[in-house]
Every structure is written in structure tokens, then in C-alpha cells.
Amino acid sequence: MFQEQPPCSEEELVERSLRLEGLSVAQLAARLSTRIPQHPIQRKGWIGLLVERALGTTAGSLSAPDFMNLGIELKTLPMKAPFRSAESTFVSSIPLLRLHEQTWETSTCYAKLKRVLWIPIESSSTIDFPYRRFGRPLLWSPSEQQHRVLADDWVFLSTVITTGGLAEVDARWGEYLQVRPKAANSRASCAVLDEDGCSTRTLPRGFYLRARFTSMLFSSHAC
DNA sequence: TTTTGATCATCC
DNA sequence: GGATGATCAAAA
């Protein structure tokens with residue numbers, strides 16, 4: 001199956017991504033000689049994989065930014081209207097047993113958020129899936145203000161988790177970042193230490209960016 | 001089985 | 001309508 005070679009520079013990646021603007025899902029799928037899954041439920045994550053192939057990502061399933069050599073993470077972003085993202089954005093799984101070894105600066109979360117190539121895609125249910133179009137990509141790094149809030153969120157949530165408070169944490173915590181389940185289903189489990197330091201099991205979690213935040217991010221870069 | 005890619009479906 | 005918790009698919 002057709003796949004682009006990895007881009008050698010940020011400029012090349014941006015140039016390549018700009019060529020997606022205005023393309024429909026059907027058009028990009030045709031260029032990559034692939035078929036669109038029939039059922040909506042089979043399309044979860046499919047757009048992201050399609051764009052990865054179109055742009056030539058290199059990280060595979062590693063816990064690293066998609067373009068490892070460039071330090072850039074790729075995210076498709078469903079937009080229900082201009083500047084209105086429809087969903088939260090998964091950032092990274094939370095390594096519950098090793099989180100205490102990380103700081104914000106060394107975290108896998110920050111590794112992905114320090115530079116992101118956002119590819120907006122129409123997601124309104126009024127547009128048939130194949131006809132949804134890609135918007136103008138945005139190569140973004142957190143502003144000083146955004147960085148401050150993200151760092152605060154991460155430190156706060158991570159501190160609660162590493163001190164055994166995970167059971168209390170839910171998705172309402174955090175201003176820009178939130179903690180939510182990241183698993184095949186609610187019966188999935190992974191190891192974690194409880195508040196007494198005893199090994200137990202819990203639902204795997206991940207850090208997500210709130211839709212409110214990604215909407216803001218796009219409106220602040222509007223021309 | 002785990003990590004990636006996310007969106008679905010329900011509850012408020 | 002929006003946010004939260006649950007879930008689905010591909011790849012390794």
C-alpha cells in the first residue's frame with residue numbers, strides 16, 4: 001500500500017500538509033489506494049491513520065512524537081464548525097508506575113505537546129463522511145500562557161496520581177488537560193500503587209486535551 | 001496484549 | 001448540546 005517517505009524537514013512537512021487543505025476524505029483515500037470503512041464505528045481512528053500515511057510518520061506505535069526526527073506530533077482534529085472542535089484530543093497514555101520519575105519537561109505528555117501539527121477535518125454529521133474536507137493545517141507550539149496552564153494541570157494531576165489519589169481523579173479535573181480512561185473497555189486493567197503503596201489494578205488512563213482548548217487554539221490563530 | 005489512532009453513546 | 005466514561009480498529 002502506498003505510503004509517503006518521511007519528510008526531512010519541518011518546511012517539507014508543512015508544505016506537504018498544506019496540500020491536504022480542501023481535499024475530501026474520498027480524494028485522499030483514492031490517492032492512497034485505500035477504501036473508506038463502511039460503518040462509522042469502524043472509522044474510529046481511521047482518519048488519523050490515513051493522514052499518517054499521507055504525511056509519512058515515523059514513530060509507529062512508539063510513545064514518541066509521530067515525526068521523531070523533527071519532534072513533531074501529528075493530530076487530526078474533528079471540527080463541527082469553523083474553530084469549533086468536536087472532540088477532546090488524546091495526548092498520551094499515563095505510565096502509572098513510572099509517572100513519579102517524570103517531570104513536566106521530561107514527560108511523554110509534554111514531548112507530544114511541545115510541537116503539534118494539527119490537521120482539521122470537517123466532522124459535522126450533515127456532511128457524508130467521504131465528502132468531509134481537510135482544513136488548513138496549523139503547526140503549533142504552546143504559547144507562554146498555554147504552556148503555563150498545561151504544565152500546572154500536568155503537575156497537579158500527576159501529583160494526585162503519584163500520591164495514590166487516582167481513584168478520586170475524574171475528567172472534570174484540569175483546566176486544559178484532563179484524565180480519562182484509555183482502554184479497550186471498562187474491564188481492562190493495569191498495575192498501579194494505591195495510597196498505601198500496595199500494588200493493585202486499575203483502569204488504564206490517558207491525558208486528553210479538552211475540546212474547549214483546541215477550539216481556542218484554532219481561533220487564536222485565525223487570519 | 002499493548003500502544004497507537006481516535007470517536008461513540010450516554011448522562012446531565 | 002456538551003462533557004464524561006466507554007469503546008472500536010490497526011499494527012506490532
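All values derive from a computational prediction rather than experimental measurement. Numbers restart at 1 for each chain; the letters A, B, ... are given by sequence-line order, proteins then strands.
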Euclidean distance, atom [atom1] of residue [X] to atom [atom2] of [N] [Å, nearest integer]:
| X | N | atom1 | atom2 | answer |
| --- | --- | --- | --- | --- |
| L62(A) | dA10(C) | CG | C1' | 15 Å |
| R201(A) | dT1(B) | CZ | P | 11 Å |
| N185(A) | dT2(B) | CG | P | 12 Å |
| L49(A) | dA11(C) | CG | P | 7 Å |
| K80(A) | dG2(C) | NZ | P | 4 Å |
| Y208(A) | dT4(B) | OH | C1' | 12 Å |
| R180(A) | dG5(C) | CZ | C1' | 7 Å |
| W118(A) | dG5(B) | CH2 | C1' | 13 Å |

Query raised in the report: Using 30° and 60° as the class limits, which term best fits the ring planes of F90(A) and Y208(A): parallel, tilted or perpendicular?
Result: perpendicular
Report task. Indicate the ring-plane relationship of H147(A) and W104(A), choosing parallel, tilted or perpendicular according to the 30° and 60° boundaries. Result -> perpendicular
So [X], base contact, sugar-phosphate only, or nothing? Heavy-atom distance under 4.0 Å.
| X | result |
| --- | --- |
| I47(A) | nothing |
| A171(A) | sugar-phosphate |
| R43(A) | nothing |
| P204(A) | nothing |
| G45(A) | base |

Report task. Check each residue of residues 154-170 of chain A for a non-hydrogen atom within less than 4.0 Å of any atom in DNA chain B, then write out the ones that pass by number, or none. Result -> none
Query raised in the report: Which ones in residues 84-106 of chain A lie close to DNA chain B, meaning a heavy atom under 4.0 Å from one of its atoms?
Result: E87(A), S88(A), F90(A), S93(A)
Report task. Identify which one of L74(A), I72(A), T57(A) satisfies the side chain to side chain contact (heavy atoms under 4.5 Å, CB included) criterion when paired with L13(A). Result -> I72(A)
Query raised in the report: What about K182(A): does its side chain form a donor-acceptor pair under 3.5 Å with the base of dG5(B)?
Result: yes
Requested in this report: Scan for salt bridge (charged side-chain N to carboxylate O under 4.0 Å, His left out) pairs involving residues 178-207 of chain A, sequence neighbours excluded, and state none if there are none.
Outcome: none
Query raised in the report: Taking for each residue the nucleotide of DNA chain B with the nearest heavy atom, is it L77(A) or S189(A) whose nucleotide lies nearer the 5' end?
Result: S189(A)
Query raised in the report: If we fit an axis to the first five pairs and another to the last five of the helix from dT1(B)-dA12(C) to dC12(B)-dG1(C), what angle do they make, to the nearest 10°?
Result: 20°
Report task. For the pair E21(A) and R133(A), find out whether any cationic side-chain nitrogen is under 4.0 Å from an anionic carboxylate oxygen. Result -> no
Query - No-hydrogen, no-angle side-chain donor-acceptor test under 3.5 Å, S141(A) and R115(A) - result: yes
Report task. Ignoring the backbone of S186(A), work out which of dC8(B), dT4(B), dT7(C) is nearest its side chain. Result -> dT7(C)
Query - Residue pairs passing the side chain to side chain donor-acceptor pair (under 3.5 Å) test where at least one lies in residues 150-162 of chain A, sequence neighbours excluded - result: none
Report task. Please identify each residue that fulfils salt bridge (charged side-chain N to carboxylate O under 4.0 Å, His left out) with K75(A), with sequence neighbours left out. Result -> E73(A)
Query raised in the report: Given the side-chain rings of F83(A) and F218(A), with only the six-membered ring counted for Trp, is the space between their centroids under 6.0 Å?
Result: no
